[in-house]
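Working notes for the structure below.
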Amino acid sequence: MRRLLRSVVAALVIAVLGTLTTVSAAAEEIQLGAAPSNPAKAGFTMFVITERLGNEGFQPITLRFRAIGKSFTRQRSLRILFRPRTQYATEIDFQFACQVTVPQGVKTYDMPVLVPHFYRWESCSVQVIEDGRRLGKVASKLAIPASVKDWGQYMSIGVMVPRDAATSTAPWARFPDLRSIATILGEGAISEKANVPRLSDKQARKFVDDVVYGWARFRVIDEDALQPSWIGYSQLDVILAPYPLLQRIEQEQPDRSAELKRWVSAGGQIWAYAAPLQAAASQGTQTPEQQATSTSASPPAGADPPSWLAGARGDVSKSFRYWADPSSVMTLSQPNDTSAIQYQPWNYGTYYSNSYAYGSSEKTRQSVYDDLVAVKHPMVQTVTKKKLLAGLGVMPYGWGRVVLIEQQDPFPGSFQLWKSLEMDKQKWGERNGVEYATGNDSYWAWLMSTVGQPPVTMFVILNGLFVLVMGPLLYFGLRRRGRLYLLYFLAPALAFLATMGLFFYAFLSDGFDNRARIRQLTWIDGRHPVSPPGDGQPGRVPVIDQSRQTYYTVVDNQRGLRFAGDAFVLPVHHSEMMNNYNYRVADDSRPGDFLIDQVGDDRLYSGDFLPTRTQVHYLVTRPHVGVSPIEIDFGGETVSLTNHLPTPLSIVGVRDDKGKYWIARDVAPAATVALEKANSNTLSMIALGVVDPDSTQMPTPYQNRVSMNDRTGIEERLLEFSRNPQWRSFLALTEVQADQYALRECVQDECVRMIGGLLP
């Protein structure tokens with residue numbers, strides 16, 4: 001009996017330890033709260049779980065339904081309503097709704113959702129609605145921990161961890177020591193642990209959990225908890241991952257790997273360590289013609305597609321900037337500020353580093369740096385440019401890239417290494433061209449000039465006629481008839497009629513049709529095919545669509561704007577998020593006028609996301625895999641082009657494999673034409689007025705407010721590409737297809753689509 005009791009106790013201890021281990025491994029699962037308020041009456045409890053690191057983009061949320069009893073006795077069709085709020089009301093307080101169907105007969109059911117995140121979440125209420133009736137007497141309140149609150153979108157880094165990290169002996173399976181990255185990328189304090197060359201796994205994980213200084217924040221991504229949609233990574237700037245782990249994910253989880261690739265193609269970065277660099281050898285010494293030829297090779301038809309990580313490598317000498325002395329940009333004369341980043345809800349809701357906070361380090365950065373130099377710490381080591389680049393490789397993919405690091409365990413890594421990996425337009429706000437705190441002047445650049453403007457000329461004419469009639473004509477007419485007293489009645493009556501005439505003319509001048517203006521940029525990466533051609537099917541390549549969409553409704557706006565569920569949609573607001581000097585305390589009991597509704601695979605933006613007689617502007621990014629819409633043949637002395645689009649090409653510019661330029665106009669759908677030689681860069685001429693709007697066509701009030709300083713990373717790089725295009729590349733203009741309009745029934749106003757890319 002005693003032996004049996006010992007066995008039972010041992011089993012319980014093992015179970016408890018296993019549970020604790022599971023909780024530790026899933027530490028990124030943070031429970032925000034539960035709903036409804038009376039779970040016993042509802043028959044279930046819904047737990048709201050999220051990952052740490054709340055920032056602008058889309059917040060990954062898991063809704064975990066757990067039956068009270070053995071299982072759900074019937075199928076439950078539920079509507080879940082989120083109302084996130086910051087401390088003060090913002091100009092875009094919204095509510096998000098989604099439908100969940102919990103099947104019958106299960107004990108626990110998980111539903112992942114992606115909730116838009118435009119501002120800092122200080123609080124959030126959740127309602128569960130079934131058959132139009134709210135479950136629970138009151139809405140449930142979620143508790144938002146500090147690690148999930150938006151801390152200011154400056155540098156967000158994902159850390160991918162293998163499932164077997166605890167048992168693996170591979171050096172790359174260790175948890176990264178991120179001290180030097182937090183200092184360089186996050187402009188944070190320098191680590192004062194000069195006697196610790198590399199943190200242990202437990203210490204490294206604790207560093208990620210406890211870091212409060214600097215602008216870098218981290219999200220741990222478990223191998224078995226990858227996002228089902230690429231916008232689940234939309235809050236991240238960089239992902240650190242072992243190269244062997246990426247290969248394993250590609251083989252075992254191809255769907256999750258495909259979403260990761262989509263995120264990279266839209267401008268994200270993966271820094272992959274423990275990577276082979278053989279394929280990168282001699283890339284930097286090839287001519288553009290040789291590089292174009294080497295990257296055009298594709299596997300034979302019917303063969304298995306190669307790993308996407310084995311794609312054509314870029315020139316490392318042009319991809320990385322070498323810093324011989326990174327300490328020159330580390331502000332060593334300043335205090336080594338270890339105080340937490342502070343949030344202030346006023347002044348547009350901003351963040352600052354309070355170096356005078358209690359407990360902040362009193363050491364200077366120079367003294368801490370000298371301590372590291374004295375012990376020859378890995379973080380302060382420097383190498384020659386040749387040696388640094390010899391251990392690096394790069395694979396461009398779409399508008400993003402995969403950085404390859406040869407070292408098996410490059411952590412903590414030198415300040416020199418991580419500073420060299422920095423890239424222009426790397427931070428979230430720079431890549432996406434949206435700043436919610438202070439507003440976006442680019443909003444004014446994309447408005448439609450034909451609607452919503454006061455008809456000044458007609459107003460002047462009507463006012464002039466009113467003054468003429470009210471003045472000498474009416475006065476002398478009534479005086480001649482001896483009824484001058486009627487002037488007291490006719491003057492206000494005519495003033496009312498004139499005012500109503502001005503109002504109705506302004507209303508009718510815009511017509512009764514909804515309008516849309518779309519500028520769509522499509523990029524084709526033909527150098528990194530996803531699948532080779534075969535069985536009569538063309539090869540598939542990464543395709544990235546980014547569009548600026550402006551909508552205007554006159555009467556009917558109830559249908560809202562319907563965007564695809566895999567589209568990254570960012571409302572572009574013209575003014576600051578908070579009404580400065582006129583703050584109102586946020587109230588989640590009010591629904592707000594902005595509603596985002598998850599309807600099937602789509603998202604519906606309604607209410608003040610599409611107000612009546614007010615123009616709204618959206619930035620929509622959607623990477624996917626598709627077929628190149630244009631086929632170009634460089635054989636012989638001439639260049640021919642085939643248009644596979646259902647829309648005509650108004651103009652096409654091509655740079656061939658010898659660096660010469662070609663041009664064609666008015667290419668009909670399914671037509672094949674021969675291109676004409678051009679004497680200069682035709683691609684730059686095509687992009688003019690498309691990447692940036694023509695300011696001369698804007699109304700004068702808009703011209704005074706427009707600024708193009710907040711272009712997206714894609715717009716900046718496409719503008720640079722048009723000025724200096726690579727060999728075997730093209731740009732073309734065509735019409736925007738009907739499925740791109742979020743408002744299905746509308747009149748097109750200055751809509752254009754520019755397609756460009758690299759050819760295999």
Side-chain angles (χ1 to χ4, degrees), residues 53-59 86 90-92 116-121 148-158 181-182 184-188 214-219 230-239 263-264 266-269 341-345 347-353 399-401 421-446 521 544 546-548 567-578 580 617-621 623 691-692 705-720:
L53 188 66
N55 272 326
E56 296 164 357
F58 280 72
Q59 184 75 19
T86 188
T90 73
E91 295 294 322
I92 197 172
H117 199 290
F118 304 132
Y119 45 78
R120 180 183 174 95
W121 290 11
V148 178
K149 290 181 179 178
D150 184 356
W151 51 271
Q153 181 61 280
Y154 290 90
M155 178 57 64
S156 306
I157 302 172
I181 288 182
I184 284 295
L185 300 187
E187 302 175 9
W215 299 108
R217 291 297 182 272
F218 305 93
R219 173 186 291 172
W230 77 276
I231 61 175
Y233 305 109
S234 61
Q235 296 169 319
L236 303 178
D237 302 308
V238 176
I239 292 180
W263 173 77
V264 174
Q269 285 193 89
I341 297 297
Q342 302 291 323
Y343 169 73
Q344 55 181 20
N347 193 22
Y348 315 126
T350 55
Y351 304 80
Y352 64 98
S353 177
W399 285 119
R401 68 180 187 177
L421 300 190
E422 278 193 314
M423 183 177 73
D424 292 338
K425 297 289 182 179
Q426 180 170 273
K427 297 180 180 179
W428 193 94
E430 297 170 342
R431 291 200 331 272
N432 293 284
V434 173
E435 292 289 348
Y436 283 112
T438 57
N440 297 268
D441 288 337
S442 62
Y443 166 89
W444 305 100
W446 300 103
L521 304 177
I544 305 95
Q546 186 175 87
S547 57
R548 290 190 176 272
F568 184 43
V569 181
L570 294 175
V572 180
H573 203 56
H574 55 78
S575 59
E576 61 272 8
M577 179 63 69
M578 295 185 182
N580 200 15
H617 177 43
Y618 292 87
L619 183 67
V620 184
T621 306
V691 177
D692 288 342
R705 305 194 64 171
V706 166
S707 170
M708 299 313 299
N709 293 330
D710 48 5
R711 296 189 192 96
T712 68
I714 291 179
E715 291 170 339
E716 284 279 7
R717 296 180 64 182
L718 196 51
L719 195 61
E720 180 183 352

Parallel, tilted or perpendicular: ring planes of Tyr436 versus Phe118, cut at 30 and 60 degrees: tilted

Side chain to side chain contact (heavy atoms under 4.5 Å, CB included) evaluation trace for Leu570 with Glu56: CA-CA 10 Å; Leu570 294 175; Glu56 296 164 357; over 6 Å; no

Donor-acceptor contact present, side-chain His117 to main-chain Asn55, <3.5 Å: yes

Inter-residue atom distance Asp710.CG - Asn432.CG, 0.5 Å rounding: 11.5 Å

Minimum heavy-atom distance between Ser353 and Ile341, given as atom pair plus value: CB-CD1, 4.0 Å

Qualifying residue for salt bridge (Lys or Arg N to Asp or Glu O under 4.0 Å) with Lys427, from Glu422, Glu435, Glu187: Glu187

Any donor-acceptor pair under 3.5 Å from Asp237 side chain to Ser156 backbone: yes

All side-chain contact (heavy atoms from CB on, under 4.5 Å) counterparts of Glu720, not counting sequence neighbours: none

Within-4.5 Å side-chain heavy-atom neighbours: Trp121 and Val148: no

Separation between OG1 of Thr621 and CH2 of Trp399, rounded to the nearest 0.5 Å: 12.5 Å

Nearest heavy atoms of Gln269 and Leu421, plus distance in Å: OE1-O, 4.2 Å

Pairwise distance NE2(His574) to CG(Asn440) - rounded to 0.5 angstrom: 10.5 Å

Which residues share a ring-ring contact (aromatic ring centres under 6.0 Å, His included) with Tyr351, sequence neighbours left out: Tyr343

Nearest-0.5 Å distance that lies between atom OG in Ser234 and atom CH2 in Trp263: 10.5 Å

From CE (Met155) to CD1 (Ile181), nearest 0.5 Å: 10.0 Å

For the student: nearest non-hydrogen atoms of Leu53 and Gln235, plus distance: O-OE1, 3.6 Å

Residues that Thr438 engages under side-chain hydrogen bond (donor to acceptor under 3.5 Å, both in side chains), provided they are two or more places apart: none

Donor-acceptor pair between Thr712 and Gln546 side chains, under 3.5 angstrom: yes

Steps toward side chain to side chain contact (heavy atoms under 4.5 Å, CB included) verdict (Ile92, His573): CA-CA 9 Å; Ile92 197 172; His573 203 56; 5.7 Å; no

Considering all heavy atoms, the nearest Ser442-Val572 contact: OG-CG1, 4.3 Å

N/O donor-acceptor pair under 3.5 Å between Arg120 side chain and Asp150 backbone: yes

Mutual orientation of the aromatic rings belonging to Tyr154 and Trp215 [parallel < 30°, tilted 30-60°, perpendicular > 60°]: tilted

Taking every non-hydrogen atom, the tightest pair across Tyr119 and Thr86: CE1-N, 4.0 Å

Pro623 to Trp230 - nearest heavy-atom pair and separation: CD-CZ2, 3.2 Å

Derivation of the side chain to side chain contact (heavy atoms under 4.5 Å, CB included) call for Leu185 and Gln426: CA-CA 10 Å; Leu185 300 187; Gln426 180 170 273; 4.1 Å; yes

Min side-chain heavy-atom separation Leu619-Phe568 under 4.5 Å: no

Any donor-acceptor N/O pair, Arg548 side chain to Trp446 backbone, under 3.5 Å: no

